[in-house]
Amino acid sequence: MNIVIFGAPGSGKGTQSALLIEEYGYYHISTGDVLRAQIAQGTELGKIADSYISKGQLIPDELMIDILDDVLSAHPESAKGVVFDGFPRTIHQADALDVLLEKRGGKLDIVVGLEVEEEELIERLINRGKTSGRSDDNMETIKKRLDVYNNQTNPLRDHYMEQGKYEAVHGMGSIEDIFANIKSVVEKHRSL
Ligand code: ATP
Ligand code: MG
């Protein structure tokens with residue numbers, strides 16, 4: 001199965017992806033982690049990525065899509081199933097994901113949307129900023145990231161709803177309760 005974990009910054013995508021991987025053994029791709037690894041290594045790509053990330057902006061679609069294509073090719077085990085965390089973030093990326101999966105004989109099965117109130121998102125990100133060392137976990141950049149999410153990423157919700165692939169999951173409460181809800185929607189799509 002190919003699963004997209006969808007939601008605003010701070011909605012818990014990384015946390016819930018880790019639990020999904022533990023449960024189902026799929027391959028995890030966090031585009032944020034991929035970019036931060038490049039920044040940490042000081043590569044050319046990392047420098048470009050940092051110039052966008054630190055401002056709370058998205059990396060340009062074509063570059064992001066190429067990076068994802070490369071990661072999938074470098075990890076053939078991903079053909080058995082992937083949890084996509086942080087991708088797609090634009091309609092253009094969503095179309096590209098369909099092409100990338102189709103090219104490999106697969107398809108996207110389900111989009112799990114973690115729905116969290118904005119106040120809670122801001123609180124979580126500010127808290128994370130105290131220890132994350134991330135250049136984008138500060139009030140100014142958080143506001144920008146939420147704007148970008150609302151304008152560029154949130155339209156994907158309707159896009160996937162029209163395809164019957166979107167499953168909303170209430171993203172507030174305990175990590176275990178949220179995961180139990182995710183599991184039940186994933187199981188539903190597994191048997192489709
Ligand atoms: P969460 O806290 O739920 O894990 P997040 O938004 O805080 O989500 P990441 O997904 O790690 O964090 O993304 C961090 C930054 O990396 C984004 O703000 C953006 O600049 C860049 N980025 C990550 N994925 C993409 C993508 N698919 N397209 C463009 N830019 C991306
Ligand atoms: Mg993350």
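Heavy atoms only: backbone and side chains are in, while hydrogens, waters and symmetry mates are out. When a ligand or atom number is given, it counts from 1 through the structure's own listing order.
E62 meets the side chain to side chain donor-acceptor pair (under 3.5 Å) test with H92; sequence neighbours excluded. Applying the side chain to side chain contact (heavy atoms under 4.5 Å, CB included) test to M139 and every residue at least two apart in sequence or in another chain returns I122, I126, K143.
For residues 161-176, the pairs satisfying salt bridge (charged side-chain N to carboxylate O under 4.0 Å, His left out) are E167-K188, with sequence neighbours left out.
Using a 4.0 Å cut-off between charged nitrogen and carboxylate oxygen, K55 and D136 do not count as a salt-bridge pair. We find that R124 and D137 are not joined by a salt bridge, their nearest charged nitrogen and carboxylate oxygen being 4.0 Å or further apart.
Nearest heavy atoms, L156 versus A94: CD2-CB, 3.6 Å.
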Under 3.5 Å, N/O to N/O: give me all the pairs between ligand 1 and the protein, one per line with atom names and distance.
| from | atom 1 | to | atom 2 | distance (Å) |
| --- | --- | --- | --- | --- |
| ligand 1 | 2 (O) | G10 | N | 3.0 |
| ligand 1 | 2 (O) | R128 | NH1 | 2.8 |
| ligand 1 | 3 (O) | G10 | N | 3.3 |
| ligand 1 | 3 (O) | K13 | NZ | 2.7 |
| ligand 1 | 6 (O) | R89 | NH2 | 2.7 |
| ligand 1 | 7 (O) | R128 | NH2 | 3.0 |
| ligand 1 | 7 (O) | R134 | NH2 | 3.2 |
| ligand 1 | 7 (O) | R145 | NH2 | 2.5 |
| ligand 1 | 8 (O) | K13 | NZ | 3.0 |
| ligand 1 | 10 (O) | R89 | NH1 | 3.2 |
| ligand 1 | 10 (O) | R89 | NH2 | 3.2 |
| ligand 1 | 11 (O) | R36 | NH1 | 2.9 |
| ligand 1 | 11 (O) | R36 | NH2 | 2.9 |
| ligand 1 | 12 (O) | R134 | NH2 | 3.2 |
| ligand 1 | 13 (O) | R89 | NH2 | 3.4 |
| ligand 1 | 20 (O) | Q57 | O | 2.5 |
| ligand 1 | 24 (N) | T31 | OG1 | 2.8 |
| ligand 1 | 24 (N) | G86 | O | 3.3 |
| ligand 1 | 24 (N) | R89 | NH1 | 3.0 |
| ligand 1 | 27 (N) | G86 | O | 2.9 |
| ligand 1 | 27 (N) | Q93 | OE1 | 3.0 |
| ligand 1 | 28 (N) | Q93 | NE2 | 2.9 |
| ligand 1 | 30 (N) | I59 | N | 3.0 |

